[in-house]
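Worksheet for the structure shown next.
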Amino acid sequence: MNNKFIWLLKNSRIYKSIRSIVLRLTDSLELKVSPAFLLLSQNLEGTFNRYDAIVRYMAIEELQGANNTGLRLYHKMQRARNRYLISKGIKIKPEDTNKDGTLMTLVESFSRHGFNAKYPLTVNPQLGLVDGSHRLACALYYNVESILVEKSGSMKVDYGFDWFSRYFEPEELLLIQQQYREILKSIDINAVLNEVLSSEKQVFGRGGFYQSFEKLGLPGQRPTTERYKIYKLDQHLTPDQRVLDIGCNCGFFTLMAAENVRSAVGVEITHTLVQIAQMTQVYLGKTNIQFRLGNFNKMEFEEQFDFIFSFAVHHWLDADMKNYGKRLHGLLNAQGKVLLESQNIHKEDHDWQEKLNRFCQAGFKEIQVGRLMDDGVIERRFSVLQKTE
Ligand SMILES: C[S@@+](CC[C@H](N)C(=O)[O-])C[C@H]1O[C@@H](n2cnc3c(N)ncnc32)[C@H](O)[C@@H]1O
């Protein structure tokens, strides 16, 4: 099928009607998001992986007379990209060898009309960009409010720092990274994270974030820095440790703890919360954290940990406390510790002491106890437990 035929088909009434029915039936296929939301969603395991969009942004800047390096870097990237695709056995279409025309046309169109919703960007289920890097760069440059993305296919594209390091000189890499940081600086992270939070009805957080993040000025139901102090975590966490945070919610506590340890893994069952955690990680450029989406009860771990956070989560895991103790015991290194925090001690955990005892039967001794009512509403207890055998 040639391109003209596909274009005619895509613009035909019947195609549009079928597409709109499909989209209505599966409304999650098409999404309206801000360009910053999409940019921060570009990561592989928490590391930004679409520097190609940054180079395109620099080329747009040069077209607007704002620098004199963008187009050279852009041409170099396109040549490297073609070589790379050929080496992977992927055929290059003639129109893909020189994209200057595409870029100029897009710049012209964005500068006059903003984003054209007739041409949604294509993303994979994790919102990784499959097609539309030029459009994302234009949307960022022209500061458009929202763009349309369509979930289609599962392709993962990686133009991360390692890819660029293979083809670019250190001083060029520096320029690209500088530009990336400039773009990040211009992002209203508070607004983007709220955009993600409100894209789905949340169970926790009373309409806002469950955890606050003082570093970014984000309020939340439970104050992260204060909790960190109440638990006396600076007496427990050391730079050589690996930490696991079970039911990490939006990951702000994990992000804070990760500043003081070697690495951290946050596990969370809610998709939008993991999105928030990963976007914040990308925004802050933290590479020693892995946020994993899924049910902790079914998750396998290759590594052992030195410290496990089990904050207000055992109730949601529907865990028998002795079995839960056994599971965490198995995930800890010798002398490893768990911080086990209750839910409401007047409700779900009215039998807290009994639960704690059952947990300890798996081979733990209590080395610290405490209580807190950090959100001003719910009274909780916690214990730091150390592995004994
Ligand atoms: C009450 S919140 C506590 C959040 C966090 N631990 C804290 O204290 O700040 C419980 C969290 O556990 C998550 N969760 C519930 N069941 C889970 C499961 N089976 N696996 C992973 N996370 C789960 C929820 O989505 C929620 O974010």
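Ligands are counted one by one from 1 in listed order, and the atoms in each one are counted from 1 as well. What you see below is based on every heavy atom in this structure, not just the backbone, and it leaves out hydrogens, waters and symmetry mates.
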Check: Any ion pair linking Lys185 and Glu182 (charged N to carboxylate O, less than 4.0 Å)?
Finding: yes

Next item on the list: Classify the ring geometry between Tyr324 and His314 as parallel (under 30°), tilted (30 to 60°) or perpendicular (over 60°).
Entry: tilted

Checklist line | Protein residue, atom and distance nearest to atom 23 (C) of ligand 1, heavy-atom basis | finding: Ile269 CG2, 3.6 Å

Next item on the list: For Val313, counting its heavy atoms only, list the atoms of ligand 1 lying under 4.0 Å from any of them.
Entry: 12 (O)

Next item on the list: May I ask you to check whether Glu341 has an N/O atom sitting below 3.5 Å from an N/O atom of ligand 1?
Entry: no

Item checked: Shortest protein heavy-atom distance from atom 8 (O) of ligand 1, along with the residue and atom involved -> Arg227 NH2, 2.8 Å

Item checked: Under-4.0 Å salt bridge between Glu259 and Lys215 -> yes

Note to self: Just to confirm my output: which protein heavy-atom neighbour is closest to atom 1 (C) of ligand 1, and how far is it?
What the structure shows: Ala312 O, 3.3 Å

Check: Mind checking whether Phe296 has an N or O less than 3.5 Å away from an N or O of ligand 1?
Finding: yes

Check: For ligand 1, is there an atom lying under 4.0 Å from some heavy atom of Phe253?
Finding: no

Check: Hey, which atoms in ligand 1 end up nearer than 4.0 Å to a heavy atom of Thr270?
Finding: 25 (O)

Notebook entry, point to check: His315 near ligand 1, heavy-atom distance under 4.0 Å?
Noted result: no

Checklist line | Closest approach of any protein heavy atom to atom 15 (C) of ligand 1, naming residue and atom | finding: Trp316 CB, 3.5 Å

Note to self: Taking distance alone, with N or O pairs closer than 3.5 Å, would you say Gln211 contacts ligand 1?
What the structure shows: yes

Notebook entry, point to check: Do ligand 1 and Phe311 have nitrogen or oxygen atoms that lie under 3.5 Å from each other?
Noted result: yes

Checklist line | Distance from atom 26 (C) of ligand 1 to nearest protein heavy atom, with residue and atom | finding: Phe204 CE1, 3.4 Å

Next item on the list: Could you check atom 19 (N) of ligand 1 against the protein and tell me its nearest heavy-atom contact, residue, atom and distance included?
Entry: Asn295 OD1, 2.8 Å

Notebook entry, point to check: Got a donor-acceptor contact below 3.5 angstrom from the Gln42 side chain to the Leu38 backbone?
Noted result: yes

Check: What part of Leu317, side chain from CB on, backbone N/CA/C/O, both or neither, has a heavy atom under 4.0 Å from ligand 1?
Finding: side chain

Check: What atoms of ligand 1 come closer than 4.0 angstrom to any heavy atom of Gly294?
Finding: 20 (N), 21 (C)

Note to self: Strictly below 4.0 Å, N to O, side chains only: are Arg292 and Glu268 in salt-bridge contact?
What the structure shows: no

Check: Is Glu354 salt-bridged to Arg358, going by a charged N under 4.0 Å from an acidic O?
Finding: no

Next item on the list: Considering heavy atoms of the protein only, find what lies nearest to atom 6 (N) of ligand 1 and give residue, atom and distance to 0.1 Å.
Entry: Gly247 O, 2.8 Å

Next item on the list: Can you spot which of Asp245, Thr224, Asn249 makes a side chain to side chain donor-acceptor pair (under 3.5 Å) with Thr254?
Entry: Asp245

Notebook entry, point to check: Between Thr272 (side chain) and Val196 (backbone), is there a donor-acceptor pair under 3.5 Å?
Noted result: no

Item checked: Lys/Arg N to Asp/Glu carboxylate O, Asp52 vs Arg50, below 4.0 Å -> yes

Next item on the list: Applying side chain to side chain donor-acceptor pair (under 3.5 Å) between Lys337 and each of Gln241, His236, Gln386, report the one that passes.
Entry: His236

Notebook entry, point to check: Is there a donor-acceptor pair under 3.5 Å between the side chain of Glu172 and the backbone N or O of Glu169?
Noted result: yes

Check: So which protein heavy atom does atom 13 (C) of ligand 1 come closest to, and at what separation?
Finding: Glu268 OE1, 3.4 Å

Next item on the list: Please could you name the atoms of ligand 1 that Arg222 approaches to less than 4.0 Å, counting only its heavy atoms?
Entry: 8 (O)

Margin query: Would the distance check show the side chain of Asp349 and the main-chain N or O of Asp351 forming a donor-acceptor pair, the cut-off being under 3.5 Å?
Written below: no

Margin query: With heavy-atom distances below 4.0 Å as the criterion, list the atoms of ligand 1 near Asn249.
Written below: 4 (C), 26 (C), 27 (O)

